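In what follows, a single structure is set out as structure tokens and then discussed.
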Amino acid sequence: MKSLLGIFSAIVLAVMLAPALAGEAPPSTKQAEAVEALVTRAAVLIEKEGQTAAFTQFRKKDSEWLHGDTYLYAYDLKGNVLLNAAFPQREGTNIAGQKDAKGKPFQDEILQIAATEGSGWVSYMFPKPGQTEPSKKWAYVKRATLNGTPSLIASRSYPE
């Protein structure tokens, strides 16, 4: 009887933990490491020099912050776009509730990761530049304070 109870307990525990353990991890690549390092350096720069000075640097083309398909973006935790170095027309808009190509509310997940965990990765489906078919894309998000407002700084990449 005790062995049946032990087996039953193990099964219940496994079923309860499965959703938490099933979360995807970002690809362990040099590209993913570079994205995470870029966002971390950006958060340090914001803290050191302030939002205005940091954002000026983040917008400079052919810099460590904005080159090729690498760029940074920042939102407050309500989803207001404070910075999008590659697509400045998005600044001043709100991304809350936006869904990816498969219906996942990925922008809300980005906001939640920053608010509750401080930093982390979010995967979603989005077409690569010049393509129409969605591909897996990863965003690395880090909580930051921008002009006294709880916010986030982030960048993204497609797996190699």
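Positions are given from 1 along the sequence. This is a predicted model, so every value here is computed, not measured.
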Taking the side chain as every heavy atom from C-beta outward, state whether [X] and [Y] have any pair of such atoms under 4.5 Å apart.
{"X": "W138", "Y": "V35", "value": "no"}
{"X": "L111", "Y": "I95", "value": "yes"}
{"X": "Y73", "Y": "V81", "value": "no"}

Item to complete: Please determine which of T149, T93, N94 meets the side-chain hydrogen bond (donor to acceptor under 3.5 Å, both in side chains) test together with N80.
Response: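 When side-chain hydrogen bond (donor to acceptor under 3.5 Å, both in side chains) is applied between N80 and each of T149, T93, N94, only N94 qualifies.
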Please confirm whether the backbone N or O of [Y] pairs with a side-chain atom of [X], one donor and one acceptor, at under 3.5 Å?
{"X": "K104", "Y": "S123", "result": "yes"}
{"X": "T70", "Y": "G68", "result": "no"}
{"X": "Y71", "Y": "R156", "result": "no"}

Worksheet entry | Pairs meeting criterion salt bridge (charged side-chain N to carboxylate O under 4.0 Å, His left out) with involvement of residues 58-80, two or more places apart | R41-E64, R59-E91
Worksheet item: Per the side-chain contact (heavy atoms from CB on, under 4.5 Å) rule, which among I113, L82, V141 passes with L152?
Response: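 By the side-chain contact (heavy atoms from CB on, under 4.5 Å) criterion, L152 pairs with just one of I113, L82, V141: V141.
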Discussion item. Around atom CD of Q112, are there more than 12 heavy atoms from other residues, nucleotides or ligands closer than 6.0 Å?
Written reply: no
Worksheet item: Around atom CD of E47, are there more than 12 heavy atoms of other residues, nucleotides or ligands at under 6.0 Å?
Response: no
Heavy-atom pair with the smallest gap, counting every atom of [X] and [Y]:
{"X": "G103", "Y": "K99", "answer": "O-CD, 3.4 Å"}
{"X": "P134", "Y": "M125", "answer": "O-CE, 3.8 Å"}
{"X": "A54", "Y": "I46", "answer": "CB-CG1, 3.7 Å"}
{"X": "H67", "Y": "S63", "answer": "ND1-O, 2.9 Å"}
{"X": "Y140", "Y": "E36", "answer": "CZ-CG, 3.4 Å"}
{"X": "L72", "Y": "W65", "answer": "CD1-CE3, 3.5 Å"}

Worksheet item: Going by the ring pair (Phe, Tyr, Trp, His ring centres under 6.0 Å) test, which pairs reach into residues 92-115, not counting sequence neighbours?
Response: F106-Y124
Item to complete: Quick one: pull up CD1 in I153 and CZ in R143 and give me the separation to the nearest 0.5 Å.
Response: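 Separation between the atoms: 14.5 Å.
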Item to complete: Starting at CD of Q51, measure out to OG1 of T56 and round the result to the nearest 0.5 Å.
Response: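 The CD atom of Q51 sits 10.0 Å away from the OG1 atom of T56.
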Worksheet item: Who pairs with F126 by ring-ring contact (aromatic ring centres under 6.0 Å, His included), at least two apart in sequence or on another chain?
Response: none
Practice prompt. Treat each ILVMFWY residue as a node, draw an edge where side-chain heavy atoms are under 4.5 Å apart, and state whether V44 and L66 are in one component.
Written response: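 No; tracing contacts between hydrophobic side chains, which count when under 4.5 Å, never links both residues.
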